[in-house]
Amino acid sequence: MPELIEIESYRRLADEVLGRQVAGVDAPDAWYLKGGLTATAITDALVGRSIVGDRRLGKLLMLDLDDDHTLGLRFGMTGRLVVDGLVSIERLEYSTARHERAWDRFTMRFAGGGDLRMRDPRRLGGVFLDPDMDRLGFEATTLTRRQLARVLGTSMAPLKTRLMDQSRLAGLGNLLTDEVLFRAGLDPARPAGSLSDTELRRLHRVIRRTLAELIDRGGSHTGDFQIARVPGATCPRDGAPIQRRVVGGRATYSCPEHQA
DNA sequence: ATTGTGGCCTGCCCGC
DNA sequence: TGCGGGCAGGCCACAA
């Protein structure tokens, strides 16, 4: 599924449309337009404008227009970005490898040719005009130790749940969170506020390092732990049977041996 | 405020 | 062979 790493890949693909002018918009799915947006409103806002920048905060991709408005794209679990018919990620975990034009929920066509499409079978993503960035927490790739301490606070909620709370920490999804907790040797179900200074430092280092590494490798699914995120697997580190639980309402895999 | 739960979306896979 | 149920998880609404 697209997490921060995949959205960063989409952002780089979106570089291709910088400087292009929007000639037309196809928004056939009203459900996909969020925040009270209509097909007419988004068309009026985009046609004639040029794309002057692309940014990312957590899992939110933003395309800046030349009139100071911003288009926000959220990809949910199965959304892919297609630019001029090219995808940046062919295989997306938990999504289908197929491509159907019927799954094109939103398209911008550009003057002089080419287009940008959001292709999303499950329709869990959405399009925003001037998305509210205040609803998102700290960007995970630049997270500081002090910020991580604020994310966790003195909370009694499960560590994993807090790390996945996009209003506190933007970017980590289910796969990445299991990966960093595996690497940091921390139990996902531990109260978030129960980490020692040493553990917090370690977790911070692991988050930063893991994101940098997996961005280089090219996806959330390239993590060391992902082979073990299946029922009946054994821990790649120590061979113990991997435990599957539901934590914070999400399927959670961890090693009872070295994650404490 | 904090925390937990259930629902939505749809493709796919398993078992009957 | 077809079909129903369960599962995947990001996000949101809602309740206590």
Side-chain angles (χ1 to χ4, degrees), chain A residues 1-10 27-37 56-62 72-81 89-106 118-128 131-137 139-140 150-181 188-194 219-221 223 225-233 242 244-254:
Chain A
M1 71 227 60
E3 304 185 35
L4 175 155
I5 290 171
E6 282 70 29
I7 310 304
E8 176 60 19
S9 157
Y10 295 170
D29 187 351
W31 165 262
Y32 219 69
L33 303 176
K34 306 298 183 182
L37 206 54
R56 180 190 57 75
L57 176 55
K59 306 175 193 172
L60 178 69
L61 177 62
M62 289 165 284
L73 305 179
R74 203 179 60 205
F75 292 87
M77 179 180 172
T78 56
R80 278 185 280 195
L81 188 70
I89 296 170
E90 195 50 53
R91 179 171 164 279
L92 199 56
E93 211 75 4
Y94 297 120
S95 187
T96 169
R98 289 164 53 215
H99 284 271
E100 303 273 351
R101 295 299 276 250
W103 298 336
D104 289 348
R105 311 299 179 186
F106 179 78
M118 288 184 74
R119 188 164 290 168
D120 184 359
R122 293 268 301 273
R123 303 169 76 211
L124 287 165
V127 172
F128 300 77
D132 183 7
M133 290 172 57
D134 294 341
R135 298 181 58 173
L136 294 174
E139 159 65 25
R150 277 190 57 189
V151 168
L152 301 182
T154 58
S155 172
M156 292 296 291
L159 177 57
K160 169 166 176 165
T161 303
R162 202 74 166 192
L163 292 175
M164 287 181 64
D165 182 344
Q166 301 299 303
S167 71
R168 301 179 189 278
L169 175 60
L172 298 189
N174 203 20
L175 265 50
L176 282 176
T177 307
D178 278 3
E179 176 78 26
V180 298
L181 292 176
R190 278 237 336 238
S194 71
S220 302
H221 63 282
F225 184 57
Q226 295 313 307
I227 53 168
R229 281 190 95 265
V230 290
I242 289 296
R244 183 194 186 278
R245 288 172 291 178
V246 174
V247 176
R250 295 296 157 222
T252 298
Y253 295 83
S254 61

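These numbers come from a predicted model, not from an experiment. Letters A, B, ... mirror the listed sequences (proteins, then strands); counts begin at 1.
- Looking at every heavy atom in both residues, A:Ala170 comes nearest to A:Leu136 through CB-CB, 4.2 Å.
- In terms of phosphate contacts, A:Ser155 brings a side-chain nitrogen or oxygen within less than 4.0 Å of OP1 or OP2 of B:dT3.
- In this model, the phosphate group of B:dG11 is approached by a side-chain N or O of A:Trp103 to a distance below 4.0 Å at OP1 or OP2.
- Closest approach of A:Trp103 to A:Pro121, counting heavy atoms only: CE3-CG, 3.6 Å.
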Salt bridge (charged side-chain N to carboxylate O under 4.0 Å, His left out) assessment of A:Arg101 paired with A:Asp104: CA-CA 5 Å; A:Arg101 295 299 276 250; A:Asp104 289 348; 3.5 Å; yes
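- Contact record, A:Glu3 with A:Gly171: CB-O, 3.9 Å, taken as the closest heavy-atom pair.
- At whole-Å resolution of the value, CD in A:Gln226 and P in C:dG9 are 10 Å apart.
- You'll find that the side chain of A:Pro121 is closest to B:dG11, out of B:dT2, B:dG11, C:dG9.
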Walk me through whether A:Arg56 and A:Glu139 qualify under salt bridge (charged side-chain N to carboxylate O under 4.0 Å, His left out). CA-CA 9 Å; A:Arg56 180 190 57 75; A:Glu139 159 65 25; 2.9 Å; yes
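- Protein atom CZ of A:Arg123 is 17 Å distant from nucleotide atom P of C:dC11, rounded to whole Å.
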What pairs of nitrogen or oxygen atoms, one from the protein and one from nucleotides 12-15 of chain C, lie under 3.5 Å apart?
unit_1	atom_1	unit_2	atom_2	d
C:dC12	OP1	A:Arg74	NH1	3.2

Mind running salt bridge (charged side-chain N to carboxylate O under 4.0 Å, His left out) on A:Arg80 and A:Asp120 for me, showing each step along the way? CA-CA 6 Å; A:Arg80 278 185 280 195; A:Asp120 184 359; over 6 Å; no
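- A:Arg162 comes within 4.0 angstrom of the backbone, heavy atoms only, and of no base.
- Between the C1' atom of C:dG9 and the CZ atom of A:Arg122 lies a distance of 7 Å, rounded to the nearest Å.
- Separating the CE atom of A:Met77 from the P atom of C:dG9 is a distance of 6 Å, rounded to the nearest angstrom.
- Regarding A:Lys34, its NZ atom lies at a distance of 16 Å from the P atom of C:dG10, rounded to whole Å.
- Proximity note for A:Arg229 (side chain, C-beta onward) versus C:dG9, C:dC11, B:dC9: the nearest is C:dG9.
- Using a 4.0 Å heavy-atom distance criterion, A:Pro158 is classed as a sugar-phosphate-only contact.
- Distance, A:Glu100 CD to B:dC9 C1': 17 Å, rounded to whole Å.
- The nearest pair of heavy atoms linking A:Arg74 to A:Leu124 is NH2-O, 4.3 Å.
- Annotation: side chain of A:Leu163 is in contact with side chain of A:Leu152 (closest heavy-atom distance under 4.5 Å).
- A:Leu159 has its CG atom 17 Å from the P atom of B:dT2, to the nearest Å.
- Nucleic acid contact class of A:Thr161 (heavy atoms, under 4.0 Å, all strands): none.
- Comparing the helix axis at one end of the helix from B:dT2-C:dA16 to B:dC16-C:dG2 with that at the other, each defined from 5 consecutive pairs, gives an inter-axis angle of 40° (nearest 10°).
- We find that CG of A:Leu172 is positioned 14 Å from C1' of C:dG9, with the value rounded to whole Å.
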Please step through side chain to side chain donor-acceptor pair (under 3.5 Å) for the pair A:Thr252 and A:Arg244, ending with a clear verdict. CA-CA 6 Å; A:Thr252 298; A:Arg244 183 194 186 278; over 6 Å; no
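- In this structure, A:Gln166 contributes its side chain and A:Met164 its backbone to a donor-acceptor pair below 3.5 Å.
- Residue-to-nucleotide proximity on DNA chain C shows that, of A:Gln166 and A:Arg244, the 5′-proximal contact is made by A:Arg244.
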